[in-house]
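See structure below.
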Amino acid sequence: MLGLLRALTKSNRSIQMGIQNQGLTLPLSRQVSTQMENNSSDSFLQNPSTGLVYGRISGIGRHTRKSDISSMLGISKLSPDDVRFEYNTNYAPVAVMIQFPSRNAYEATFRAVVRKSGLFRMEMADRQKWDTLPRYDGKTILLLGVPRNALADDVERFLVGCQYDASSIQMSARQLRGFDRSPARAVLVEFPSQALATHAFITKNRGFCLNSQIAVRLLP
């Protein structure tokens with residue numbers, strides 16, 4: 001028995017001396033574990049998360065534009081195609097959704113929103129919600145205050161002198177209040193470009209359709 005103990009003691013001393021000679025100060029098992037942790041950490045830094053991630057930001061203003069989102073959040077490389085607005089039943093923007101190229105990009109923006117927590121609130125959203133949002137891209141105007149009895153021909157006469165897609169006219173079935181005492185409808189009209197839509201907004205806002213004054217809004 002004593003001989004066996006001496007043999008084990010000698011063996012342990014040999015292993016410890018071998019480790020010390022190689023400049024190792026930790027037990028071998030601990031060194032392997034530490035190396036694996038370091039490699040895992042380096043791999044995470046060198047290979048950031050990939051795949052699209054979606055975020056929803058609420059608390060935006062009614063007249064917020066896509067270009068405003070970039071400046072508010074400090075995202076210089078944000079493409080207009082990566083931003084979509086969420087509207088309520090009165091076509092007022094209540095939130096904005098952003099498509100991020102990676103989880104890291106989302107988290108960086110999340111931290112920026114937290115710093116401005118008194119103004120905005122951000123949460124993660126899914127692709128299905130993103131796909132259901134409309135894309136107006138500054139090429140669509142909203143006509144508010146259109147009389148209930150107005151027809152598409154009346155809208156076209158109101159927009160005379162403007163270049164737009166007549167087949168895109170959408171007259172909302174729901175009745176909206178706010179610009180006239182009597183119930184009125186909302187009308188959406190698409191244009192070939194942002195410039196043409198802006199021209200219609202400038203020249204037609206506060207015009208009249210069937211003796212009712214029409215408010216024109218440009219949807220971002």
Side-chain angles (χ1 to χ4, degrees), residues 37 39-144 164-174 176 185-198 200-201 216-220:
E37 292 175 0
N39 289 341
S40 176
S41 177
D42 292 342
S43 177
F44 176 78
L45 294 175
Q46 295 173 3
N47 301 287
S49 302
T50 58
L52 298 176
V53 178
Y54 300 88
R56 180 180 183 272
I57 301 177
S58 56
I60 63 174
R62 178 175 179 178
H63 302 289
T64 303
R65 299 172 298 177
K66 289 187 175 183
S67 57
D68 297 328
I69 301 300
S70 298
S71 58
M72 286 190 302
L73 300 179
I75 308 176
S76 59
K77 297 182 180 180
L78 185 64
S79 168
D81 294 333
D82 294 327
V83 179
R84 294 184 187 179
F85 286 90
E86 180 181 338
Y87 299 88
N88 61 16
T89 55
N90 289 328
Y91 294 99
V94 295
V96 61
M97 283 192 64
I98 301 177
Q99 178 177 257
F100 296 96
S102 68
R103 180 64 178 263
N104 288 353
Y106 168 84
E107 292 177 349
T109 302
F110 181 83
R111 289 191 293 270
V113 171
V114 169
R115 289 194 296 269
K116 303 177 181 180
S117 57
L119 300 176
F120 312 111
R121 178 175 178 270
M122 183 173 178
E123 59 188 355
M124 188 169 289
D126 56 25
R127 175 63 182 267
Q128 183 177 3
K129 177 67 175 178
W130 169 266
D131 290 338
T132 60
L133 294 180
R135 293 188 60 182
Y136 297 127
D137 296 332
K139 301 177 182 179
T140 301
I141 64 171
L142 173 67
L143 308 180
L144 294 172
Y164 60 93
D165 182 4
S167 64
S168 71
I169 296 178
Q170 301 179 38
M171 305 186 70
S172 175
R174 56 180 177 271
L176 307 177
R185 297 196 294 181
V187 178
L188 293 174
V189 184
E190 296 180 12
F191 289 76
S193 68
Q194 294 180 358
L196 291 173
T198 302
F201 167 73
V216 182
R217 277 177 47 199
L218 189 63
L219 299 181

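Hydrogens, waters and symmetry mates are skipped; everything else that's a heavy atom, side chains included, is used.
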Which pair of heavy atoms, one from [X] and one from [Y], lies closest together, and at what distance?
X      : Y      : result
Pro101 : Ala105 : CD-CB, 3.9 Å
Pro220 : Thr64  : CG-O, 3.7 Å
Met97  : Asp126 : CE-O, 4.0 Å
Tyr54  : Arg127 : OH-CD, 2.9 Å

Quick one: are [X] and [Y] in side-chain contact, heavy atoms under 4.5 Å?
X      : Y      : answer
Leu188 : Tyr91  : yes
Pro93  : Ile60  : yes
Gln99  : Trp130 : yes
Leu219 : Tyr87  : yes
Leu78  : Ile69  : yes
Phe85  : Lys66  : yes
Tyr106 : Met122 : yes

Spatial distance of atom [atom1] ([X]) from atom [atom2] ([Y]) [nearest 0.5 Å]:
X      : Y      : atom1 : atom2 : answer
Arg62  : Arg217 : CZ    : CZ    : 5.0 Å
Thr132 : Arg84  : OG1   : CZ    : 9.0 Å
Phe191 : Asp165 : CZ    : CG    : 10.0 Å
Gln170 : Arg185 : CD    : CZ    : 12.5 Å
Leu142 : Phe201 : CG    : CZ    : 11.5 Å
Leu218 : Tyr136 : CG    : OH    : 12.0 Å

Open item on the list: Given 3.5 Å as the limit, does a donor-acceptor pair link the side chain of Asn88 with the main chain of Asn90, or not?
Closed with: yes

Open item on the list: Please determine whether a side-chain nitrogen of the Lys or Arg among Asp137 and Arg135 lies less than 4.0 Å from a carboxylate oxygen of the Asp or Glu.
Closed with: yes

Open item on the list: Check this for me: does any side-chain nitrogen of one of Asp68 and Arg65 sit under 4.0 Å from a carboxylate oxygen of the other?
Closed with: yes

- [ ] Test Arg103 against Met124 for side chain to side chain contact (heavy atoms under 4.5 Å, CB included), laying out the working first.
- [x] CA-CA 10 Å; Arg103 180 64 178 263; Met124 188 169 289; 3.7 Å; yes

